[in-house]
Amino acid sequence: KEPSFALAQYHLAKIYLKEDEYGKAKDLFSRLAKAFPQQQGFKSIHESLASIEHVPYYSAEKAKGLLKVSRALSGLMDYPLAGQLCRTVLEDMHGTLPRAEKKSAFYDLGRISEITGDKDTAFACYQNALRIDPFYRDARERIGSILKDDAQTS
């Protein structure tokens, strides 16, 4: 429960995630979830990792689980790792995702990119989401917002 120790556990768990050591990351997020029950993100990450720990890497289940982890990390405002997981799924596992999940992953990466100030990547991600679903209102609105911001700064 020592805050500095918890922070070390969190950083170690992130390293395990980056190295695809999902079982080890799951165990650390389990500890964090128990130590900080008010932080639902830790519990969500633990549950998602538990569901994908023993499934094949190139499977829809693994891709969906990693996207859930990415969303929970976004909720914790850990945008760099959340974005990395989204990219991993979209670049390495793109063939495993159903269209709706792929659209959502592009939108999520767009939001992460926009939050971190990378408007070009955000714009491209929203466009990719619209290629999958031309009627995706949220992506269309985010593109409009980026264009409006660009017009105001020009």
Side-chain angles (χ1 to χ4, degrees), residues 1-129 132-133 136 138-139 141-143 145-146 149:
K1 291 186 178 183
E2 172 63 37
S4 61
F5 185 65
L7 184 60
Q9 285 185 345
Y10 180 73
H11 285 293
L12 183 57
K14 288 174 40 170
I15 291 168
Y16 286 141
L17 277 175
K18 290 176 185 177
E19 297 298 319
D20 301 334
E21 295 282 345
Y22 303 124
K24 292 177 182 178
K26 176 197 70 160
D27 293 342
L28 287 170
F29 279 110
S30 175
R31 290 182 198 167
L32 290 167
K34 288 175 186 169
F36 301 96
Q38 74 282 7
Q39 183 53 264
Q40 290 297 308
F42 296 145
K43 182 180 178 185
S44 177
I45 293 169
H46 169 261
E47 290 170 353
S48 296
L49 290 173
S51 73
I52 65 170
E53 186 175 12
H54 299 292
V55 298
Y57 188 79
Y58 293 103
S59 66
E61 189 176 358
K62 179 79 78 175
K64 288 178 184 180
L66 289 176
L67 289 175
K68 286 180 184 177
V69 171
S70 173
R71 290 177 187 120
L73 288 167
S74 286
L76 295 170
M77 292 189 271
D78 191 340
Y79 301 117
L81 184 53
Q84 181 181 346
L85 287 176
C86 263
R87 280 185 194 85
T88 295
V89 170
L90 288 168
E91 293 170 6
D92 295 348
M93 305 172 159
H94 67 278
T96 64
L97 283 175
R99 291 175 59 82
E101 283 291 325
K102 192 181 295 187
K103 171 186 82 170
S104 183
F106 275 119
Y107 182 80
D108 291 347
L109 185 55
R111 289 295 295 151
I112 291 166
S113 299
E114 197 172 352
I115 289 167
T116 58
D118 186 353
K119 288 185 180 183
D120 292 337
T121 299
F123 191 86
C125 287
Y126 297 141
Q127 284 183 314
N128 284 327
I132 295 167
D133 178 0
Y136 191 18
D138 292 341
E141 287 174 0
R142 295 308 321 147
I143 284 177
S145 178
I146 291 171
D149 288 348

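As the structure is a computational prediction, the values presented were derived from the model and not from experiment.
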Task: Heavy-atom check, side chain of Lys24 versus side chain of Tyr22, under 4.5 Å - done: no
Open item on the list: More than 12 heavy atoms of other residues, nucleotides or ligands under 6.0 Å from NZ of Lys14: yes or no?
Closed with: yes
Open item on the list: Is there a side-chain contact between Leu76 and Gln39 in this structure, where contact means two heavy atoms from C-beta onward sitting under 4.5 Å apart?
Closed with: yes
Task: Closest non-hydrogen atom pair, Ala63 against Leu97 - done: CB-CD2, 3.6 Å
TODO: Let me see the working for Ser30 and Lys34 under side chain to side chain contact (heavy atoms under 4.5 Å, CB included), right down to the final yes or no.
DONE: CA-CA 6 Å; Ser30 175; Lys34 288 175 186 169; 3.8 Å; yes
Task: Donor-acceptor contact present, side-chain Thr88 to main-chain Gln84, <3.5 Å - done: yes
Open item on the list: Which residue is it: Glu53, Glu21, His46, Glu47? I am looking for the one with a side-chain hydrogen bond (donor to acceptor under 3.5 Å, both in side chains) to Lys26.
Closed with: Glu53
TODO: Specify the closest pair of heavy atoms between Ser51 and Glu61, including all atoms of both residues, with the distance to one decimal.
DONE: O-OE2, 3.3 Å
Open item on the list: Taking the six-membered ring for Trp, are Tyr126 and Phe106 closer than 6.0 Å centroid to centroid?
Closed with: no
Open item on the list: So, taking the atom named CD1 in Ile115 and the one named OH in Tyr79, what distance separates them when rounded to the nearest 0.5 Å?
Closed with: 4.0 Å
TODO: Please answer whether the main-chain N or O of Asp118 pairs with a side-chain N or O of Thr121 as donor and acceptor at a distance below 3.5 Å.
DONE: no
- [ ] State, yes or no, whether a side-chain contact exists between Leu17 and Leu49 at a heavy-atom distance under 4.5 Å.
- [x] yes
- [ ] Indicate yes or no: at least one non-hydrogen side-chain atom of Leu66 is less than 4.5 angstrom from one of Ser70.
- [x] no
- [ ] Taking all heavy atoms of Tyr136 and all of Ala129, pick out the closest pair and write down the distance.
- [x] CD2-CB, 3.8 Å
Task: Main-chain N/O of Gly83 paired to Arg87 side chain as donor or acceptor, under 3.5 Å - done: yes
- [ ] State the CD1-CD distance between Ile143 and Gln127, to the nearest 0.5 angstrom.
- [x] 5.0 Å
Open item on the list: If you count every heavy atom of other residues, nucleotides or ligands that lies below 6.0 Å from Lys119 atom NZ, does the total exceed 12?
Closed with: yes
Open item on the list: Please verify the inter-ring angle class for Phe29 with Phe42; under 30° counts as parallel, over 60° as perpendicular, anything in between as tilted.
Closed with: tilted
TODO: Let me see the working for Ser104 and Arg71 under side-chain hydrogen bond (donor to acceptor under 3.5 Å, both in side chains), right down to the final yes or no.
DONE: CA-CA 11 Å; Ser104 183; Arg71 290 177 187 120; 2.9 Å; yes
Open item on the list: Tyr16 vs Asp27, test: side-chain hydrogen bond (donor to acceptor under 3.5 Å, both in side chains). Steps then yes/no.
Closed with: CA-CA 10 Å; Tyr16 286 141; Asp27 293 342; over 6 Å; no
TODO: Mind checking the OG-NZ spacing from Ser48 to Lys64? Nearest 0.5 Å is all I need.
DONE: 12.5 Å
Open item on the list: Salt bridge check, Arg111 against Glu114: does any charged N sit closer than 4.0 Å to a carboxylate O?
Closed with: yes
Task: Heavy-atom side-chain proximity of Val89 to Glu101 below 4.5 angstrom - done: no
Open item on the list: As an exercise, state the distance from OG of Ser74 to CG of Asp108, rounded to the nearest 0.5 Å.
Closed with: 6.5 Å
Task: Taking every non-hydrogen atom, the tightest pair across Leu32 and Ala6 - done: CD2-O, 3.6 Å
Task: Beyond-backbone contact of Asp133 with Tyr107, side-chain heavy atoms, under 4.5 angstrom - done: no
Task: Flag side-chain contact, heavy atom, 4.5 Å: Ile52 against Lys68 - done: no
Open item on the list: Return the CG to CG distance between Leu28 and Leu12, rounded to the nearest 0.5 Å.
Closed with: 5.0 Å
Open item on the list: Please give me the minimum heavy-atom distance between Pro37 and Gln40, naming the atom from each residue.
Closed with: O-NE2, 3.2 Å
- [ ] To the nearest 0.5 angstrom, please state how far the NZ atom of Lys62 sits from the CG atom of Leu67.
- [x] 13.0 Å
TODO: Return the minimal non-hydrogen interatomic distance between Ala72 and Ser44, and the atom names on each side.
DONE: CB-OG, 3.9 Å
